[in-house]
Amino acid sequence: MRFCSVRSGPIANVGVLGENGEIRLLSSRATDLVSLMPALMESARPALDDEPVSAAELAPPLHPGKIVAVGLNYRDHADESQVEAPERPLLFAKFPSSVTGPTDPIVVDPELFERADWEVELAVVVGRRMDRVPASETLDHVLGYTVANDVSARDVQFSDGQWTRGKSFNSFCPLGPCVVTVDELGAAGDLRLTTKVNGEIVQDDTTRSMIFDVPSLLEFCSHNFTLDPGDVVVTGTPSGCGEFMDPPRFLRPGDVVECSIEGIGTLTNSVVSATHASS
């Protein structure tokens with residue numbers, strides 16, 4: 001199944017995206033995908049409305065309890081960053097307040113940073129509590145996958161010496177457009193990822209190029225800390241980031257960023273200035 005979240009005024013209701021693109025809301029009018037996870041992980045299929053919604057503005061498909069991100073998990077990205085590929089997963093955190101929807105704006109604030117960059121990433125949505133789970137059993141604990149853009153303020157990221165602030169500004173984690181359940185995508189081991197900026201392809205690779213695959217990452221994480229239902233593990237980005245272009249290229253107001261993953265969908269986020277966003 002493909003779960004999404006549909007805005008109706010200040011409320012967002014959980015829906016299911018059909019193969020024909022139609023969205024049907026859950027008959028229960030559930031507002032939180034995480035609250036449904038105990039039943040969904042037992043293969044329960046929620047009841048849906050008979051009629052699709054006529055117009056749908058998509059919200060983030062869920063609001064994670066925590067976001068665990070993985071750095072330098074594609075060898076070509078490590079190479080373009082001019083650093084050695086890690087021998088074990090390199091983890092950092094993004095604050096959940098950075099989450100925004102699949103068509104919401106990315107807000108850049110020149111008073112805080114100047115070098116905002118894009119990073120398309122496969123995001124794993126945890127469905128069942130994970131504590132020291134072996135790789136062979138990790139997918140039994142996964143609800144599904146979605147698309148993330150790990151937007152990064154490179155000047156802040158590198159000047160701070162750690163990455164949390166530069167990765168966690170408001171709107172710096174677009175998620176969506178839906179969560180595709182693990183029964184459709186398995187271990188997600190060979191899915192194409194692309195990023196377009198103003199229609200130009202800047203990232204293009206597959207998850208086959210990840211240094212640490214999804215089961216390995218989840219095993220490593222769950223042996224170091226507990227993963228709870230609704231947590232999201234963002235699995236790294238391929239090469240093609242603007243920071244490492246010649247000359248470097250960064251997100252500016254008016255840009256449109258499209259991050260796509262095969263079998264899941266596309267985030268389409270315009271870039272606006274902080275002044276514009278608050279007016």
Side-chain angles (χ1 to χ4, degrees), residues 3-15 17 21 23 31 33 53 55-64 67 69 93-123 146-157 163-179 193-203 232 234 237 240-243 245 248-261 264-279:
F3 292 99
C4 61
S5 186
V6 179
R7 285 195 183 106
S8 177
I11 299 173
N13 293 111
V14 179
L17 179 62
I23 297 173
T31 60
L33 181 61
V53 294
E57 179 187 1
L58 294 179
L62 77 161
H63 291 278
I67 304 170
K94 288 176 76 81
F95 293 147
S97 56
S98 67
V99 169
T100 195
T103 61
D104 292 337
I106 296 168
V107 181
V108 295
D109 188 342
E111 294 185 0
L112 298 175
F113 53 83
E114 296 181 348
R115 288 156 44 194
D117 204 350
W118 54 82
E119 294 190 7
V120 61
E121 307 205 11
L122 175 72
T146 191
V147 185
N149 184 357
D150 177 20
V151 184
S152 307
R154 300 298 189 188
D155 42 350
V156 175
Q157 176 186 355
W163 298 358
T164 302
R165 184 168 73 103
K167 299 276 193 171
S168 294
F169 291 105
N170 291 347
S171 79
F172 268 32
C173 191
L175 283 180
C178 59
V179 175
L193 309 89
T194 61
T195 299
K196 295 179 181 178
V197 179
N198 301 330
E200 176 189 351
I201 295 177
V202 291
Q203 292 184 285
V232 169
V234 185
T237 198
C241 296
E243 172 74 16
M245 292 181 171
R249 178 177 174 182
F250 304 110
L251 296 175
R252 297 288 182 257
D255 289 343
V256 176
V257 187
E258 299 170 85
C259 292
S260 302
I261 299 181
I264 303 175
T266 300
L267 308 170
T268 303
N269 303 97
S270 59
V271 181
V272 301
S273 69
T275 301
H276 175 76
S278 60
S279 62

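- Here the OG-NE2 distance, from Ser97 to His63, works out to 11.5 Å after rounding to the nearest 0.5 Å.
- Nearest heavy atom pair, residue Ser260 against residue Thr266, reads OG-OG1, 2.7 Å.
- Val53 has its side chain out of reach of Ser8: every pair of non-hydrogen atoms, C-beta onward, lies at least 4.5 Å apart.
- Look at Glu57 and Arg7 and you find a salt bridge, because one of the NZ, NE, NH1 or NH2 atoms lies within 4.0 Å of a carboxylate O, short of that distance.
- Judged by distance alone, the side chain of Thr146 and the main-chain N or O of Gly176 form a donor-acceptor pair under 3.5 Å.
- Using modelled atom types, no side-chain atom of Asn170 and backbone atom of Ser98 make a donor-acceptor pair closer than 3.5 Å.
- With a 4.5 Å cut-off on side-chain heavy atoms, Pro248 and Arg154 do not count as touching.
- A donor-acceptor pair is defined here as one N or O able to donate and one able to accept, closer than 3.5 Å; no such pair exists between the side chain of Glu119 and the backbone of Ser152.
- Remark: the backbone N or O of Lys167 is paired with a side-chain donor or acceptor of Lys94 at under 3.5 angstrom.
- A 4.5 Å side-chain heavy-atom check between Cys173 and Val232 finds every atom pair outside the cut-off.
- Checked by atom type and distance alone, the side chain of Thr195 never pairs as donor or acceptor with a backbone atom of Cys259 at under 3.5 Å.
- Taking all atoms of both residues into account, the shortest heavy-atom contact from Pro177 to Ile264 is CG-O, 4.2 Å.
- Counting all heavy atoms, side chain and backbone alike, Leu193 lies closest to Leu122 at CD2-N, 4.0 Å.
- From Phe172, atom CZ reaches atom CD1 of Ile67 across 13.0 Å, with rounding to the nearest 0.5 Å.
- No donor-acceptor distance shorter than 3.5 angstrom exists from the side chain of Ser5 to the backbone of Ala59, with no hydrogens or angles considered.
- The side-chain heavy atoms of Leu251 and Val257, taken from C-beta on, include a pair separated by under 4.5 Å.
- Ser171 contributes a side-chain N or O that, together with a main-chain N or O of Val107, makes up a donor-acceptor pair within less than 3.5 Å.
- Residues Cys178 and Pro61 fail the side-chain proximity criterion, which asks for heavy atoms closer than 4.5 Å.
- Side-chain atoms of Asn269 come within 3.5 Å of backbone atoms of Asp104 as a donor-acceptor pair (strictly under, hydrogens ignored).
- Distance check: Ile106 CD1 to Ser270 OG gives 8.0 Å after rounding to the nearest 0.5 Å.
- A 4.5 Å side-chain heavy-atom check between Leu58 and Val6 finds at least one atom pair inside the cut-off.
- Evaluation of the side chain to side chain donor-acceptor pair (under 3.5 Å) rule for Arg249 yields Glu200 as partners, not counting sequence neighbours.
- The two residues Leu267 and Pro174 make their nearest non-hydrogen contact at CD1-O, 3.5 Å.
- Distance SG/Cys4 to CG/Leu62: 12.0 Å, rounded to 0.5 Å.
- Annotation: side chain of Ile261 is in contact with side chain of Val120 (closest heavy-atom distance under 4.5 Å).
- Remark: side-chain polar atoms of Trp118 are not paired, donor with acceptor, to backbone N or O of Lys196 under 3.5 angstrom.
- Here the closest non-hydrogen pair linking Pro105 and Val272 is CB-CG2, 3.8 Å.
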Discussion item. Checking Phe169 against Leu112 for the side chain to side chain contact (heavy atoms under 4.5 Å, CB included) test, could you report, in this order, the C-alpha distance in whole Å, the side-chain angles of both residues, the deciding distance, and whether it holds?
Written reply: CA-CA 9 Å; Phe169 291 105; Leu112 298 175; 3.8 Å; yes
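- At distances below 3.5 Å, not a single donor-acceptor pair connects side-chain atoms of Asn149 with backbone N or O atoms of Pro102.
- Residues passing the side chain to side chain contact (heavy atoms under 4.5 Å, CB included) test with Pro253, sequence neighbours excluded: Val108, Ser273.
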